[in-house]
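Everything on this sheet refers to the single structure shown next.
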Amino acid sequence: MTRKAVITGLGATSPIGGDVETMWANALAGTSGARPIEKDWVEEHNLPVTFAAQLTNAPTEVLSRVEARRMDPTTQMGLVAAREAWAHSGLSTEDIDTDRLAVAFGTGVGGVWTLLDSWDNLRERGPRRVLPMTVPMLMPNGAAAAISMDLSARGGAMTTVSACASGTEAMDNARRLIETGQADVVVTGGAEAAIHPLPIAGFAAMQALSKRNDDPQAASRPYDVDRDGFVLGEGAGALIIESEEHARARGAEVYAVLAGSAVASDAYHITAPEPEGLGASRALRSAMASDDIDLKDVVHVNAHATSTPVGDRPEYVAMKTVFGDHLDNILVSATKSQTGHLLGASGALEAIFTVLSIYHRKTPVTINLDNQDPEIPMNVVHGKPGELPSGDIAALSNSFGFGGHNAVVAFRNY
């Protein structure tokens, strides 16, 4: 018998709030997290993009300095989010079987700060000055490992590295662990800390980043005719996924059901999405099919919507292909307009927004949508939060990554 996976805890650290409550309030208010990068290395490297969506709260506000010193920023952020989600769930490692507690976390890049700083240190000061913790700190599985050790989670510590689909693919793994009975509780999500000169220079060289250095808060503008690229963001999101039986037995509050999820690949191009959204369409259909979700039950989608000229339209084409005329009835939010693009952590943050949208029956706004692209005629929420109907509803969160990764998670109200 397939078990139902439910959401019982949420945690985040982001460019629009250092915890879920603050982040959600700012998402409803339409707050931009983009601002100039006040670091010497911006001028030192003469970077063409001088802003990003940076954390509002340093991880050291939660972690001890000793802990932080032994972790890459990506791991720090992941652990901060996981600790909030765990506390929010009301779980205790003393009251559960930690052999049935697992971690399924994602990242698109991993310990980029550790890797590149250590390389500079090696070149400038020699091998004896490379820190002993360099390799454990740069590993992409750092966040999953740190969370599993923090919670004594012995049911597995999985890491998904699928570019910008990583966090969402991690949730697909978490759902399967719960539904197949391999775990009772899974800590899932994603983390990313890539606001570093090299990723900025690389993304800028491929014309992927907005260059609105004079107006960072207006730079991320999904679906707008004047969109010119994404805004790089950083942060982490974590969700506690639990079997319904386990949650009921301890009297936990349930925020939503993780009803379905799916992954698919374009097999088309290393960076460009398949123009007709064929891979995205397969992922959308499969995510809904995994729980027999009727198209008409879907009332909200948190879109991938990065604000790139070539990226936004294929997602619309995929949704139009799947939903047909019903797409006109779906409220679409593009929260990267506020948070920037957190790469491997984006899907986790957007899943949290989707869960809260179902729970509160409200959707975040899309900011900077001044002139909607006529080739993307969707019902995009902007100006004020959208209102979701009462009754049984479903909502989706989409993530797509370089390499042709497509991942979708589907939630129902509980």
Side-chain angles (χ1 to χ4, degrees), residues 10-37 49 51-57 59 73-74 77-78 80-81 84 106-109 164-168 189-195 199-200 203 208-210 212 216-224 227 229-239 301-308 311-312 332-357 363-369 380-382 385 397-401:
L10 304 169
T13 182
S14 80
I16 61 170
D19 56 70
V20 168
E21 183 178 2
T22 304
M23 183 180 76
W24 176 243
N26 284 330
L28 294 177
T31 303
S32 173
R35 64 183 189 276
I37 303 171
V49 176
F51 65 96
Q54 302 156 74
L55 288 187
T56 58
N57 299 69
T74 294
M77 295 175 195
V80 167
E84 183 191 3
T107 185
V109 182
C164 307
S166 301
T168 304
E192 203 79 86
I195 300 177
I200 291 174
F203 280 127
L209 293 180
S210 171
R212 295 175 184 261
Q217 294 194 341
S220 184
R221 44 199 318 111
Y223 309 132
D224 193 87
R227 64 191 185 276
F230 72 83
V231 174
L232 185 59
E234 63 181 358
L239 302 90
V301 172
N302 193 304
H304 184 62
T306 59
S307 181
T308 57
D312 289 358
V332 178
S333 293
T335 47
K336 288 185 181 72
S337 62
Q338 299 189 51
T339 66
H341 191 355
L342 279 67
L343 307 180
S346 61
L349 222 60
E350 288 152 20
I352 291 172
F353 288 138
T354 310
V355 167
L356 291 173
S357 293
T363 72
V365 299
T366 302
I367 63 173
N368 302 323
L369 185 58
V380 182
V381 179
H382 63 288
S397 180
N398 300 338
S399 294
F400 311 120

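Values below: every heavy atom of this structure, side chains too, minus hydrogens, waters and symmetry copies. Numbering starts at 1 and runs along the sequence shown.
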Determine whether a donor-acceptor pair (N or O, by modelled atom type, separation under 3.5 Å) exists between the side chain of Gln338 and the backbone of Leu28.
no
Among all residues two or more places apart in sequence or in another chain, which pass the side chain to side chain contact (heavy atoms under 4.5 Å, CB included) test with Ala345?
Glu192, Leu342
I'd like to know if the side chain of Ser14 reaches the main chain of Ile16, judged simply by a donor and an acceptor atom lying under 3.5 Å from each other, with no hydrogens or angles considered.
yes
Which distance, rounded to the nearest 0.5 Å, do you find between the OG of Ser210 and the CZ of Phe203?
14.0 Å
Show the numbers, then the answer: is there a side chain to side chain contact (heavy atoms under 4.5 Å, CB included) between Gln217 and Asn368?
CA-CA 8 Å; Gln217 294 194 341; Asn368 302 323; over 6 Å; no
For Glu234, what residues pass the salt bridge (Lys or Arg N to Asp or Glu O under 4.0 Å) criterion, not counting sequence neighbours?
none
Asp312 side-chain N/O to Thr306 backbone N/O, donor-acceptor pair under 3.5 Å:
yes
Heavy atoms only: give me the nearest Ala348-Gly237 pair and the separation to one decimal.
CB-O, 3.4 Å
Are side-chain heavy atoms of Ile367 and Ser32 found at a separation under 4.5 Å?
yes
Contacts of Ala53 that satisfy side chain to side chain contact (heavy atoms under 4.5 Å, CB included) - sequence neighbours left out:
Pro15, Val231
Is a donor on one side and an acceptor on the other found under 3.5 Å between the side chain of Gln54 and the backbone of Arg35?
yes
My understanding is that only residues two or more places apart in sequence, or in another chain, count here; which of them pass side chain to side chain contact (heavy atoms under 4.5 Å, CB included) with Thr22?
Asp19, Asn26
For the residue pair Ile200 and Val49, what are the closest heavy atoms and their distance?
CG2-O, 3.8 Å
The ring pair (Phe, Tyr, Trp, His ring centres under 6.0 Å) partners of Tyr223 (sequence neighbours excluded) come to none
Kindly determine whether Thr339 and Leu349 satisfy side chain to side chain contact (heavy atoms under 4.5 Å, CB included), including the steps that lead there.
CA-CA 9 Å; Thr339 66; Leu349 222 60; 4.1 Å; yes
As a test of understanding, state which of Ser346, Ser397, Ser399 forms a side-chain hydrogen bond (donor to acceptor under 3.5 Å, both in side chains) with Thr168.
Ser399
Please round to the nearest 0.5 Å and tell me the distance separating atom CG of Leu239 and atom OG1 of Thr354.
9.5 Å
Smallest heavy-atom separation, Thr366 atom then His382 atom, equals O-CB, 3.2 Å
For Ala334 and Ala305, the nearest pair of non-hydrogen atoms, with its separation, is CB-CB, 3.6 Å
Is the backbone N or O of Arg227 less than 3.5 Å from a side-chain atom of Arg221, with the two atoms forming a donor-acceptor pair by type?
no
Over all atoms of both residues, closest heavy-atom pair of Ala29 and Val365:
C-CG2, 4.4 Å
Distance in Å, Asn302 CG paired with Thr335 OG1, rounded so as to fall on 0.5 Å steps
4.0 Å
Heavy-atom closest pair, residues Pro364 and Val381:
O-CG1, 3.5 Å
Mark yes or no for whether Ser220, through its side chain, and Phe230, through its backbone, hold a donor-acceptor pair below 3.5 Å.
no
With rounding to the nearest 0.5 angstrom, report the CG to CD1 distance, Leu10 to Ile352.
5.5 Å
Ser166 and Thr107, any side-chain heavy atoms less than 4.5 Å apart
no
Which residue pairs satisfy the salt bridge (Lys or Arg N to Asp or Glu O under 4.0 Å) criterion with at least one member in residues 339-351, sequence neighbours excluded?
Lys336-Glu350
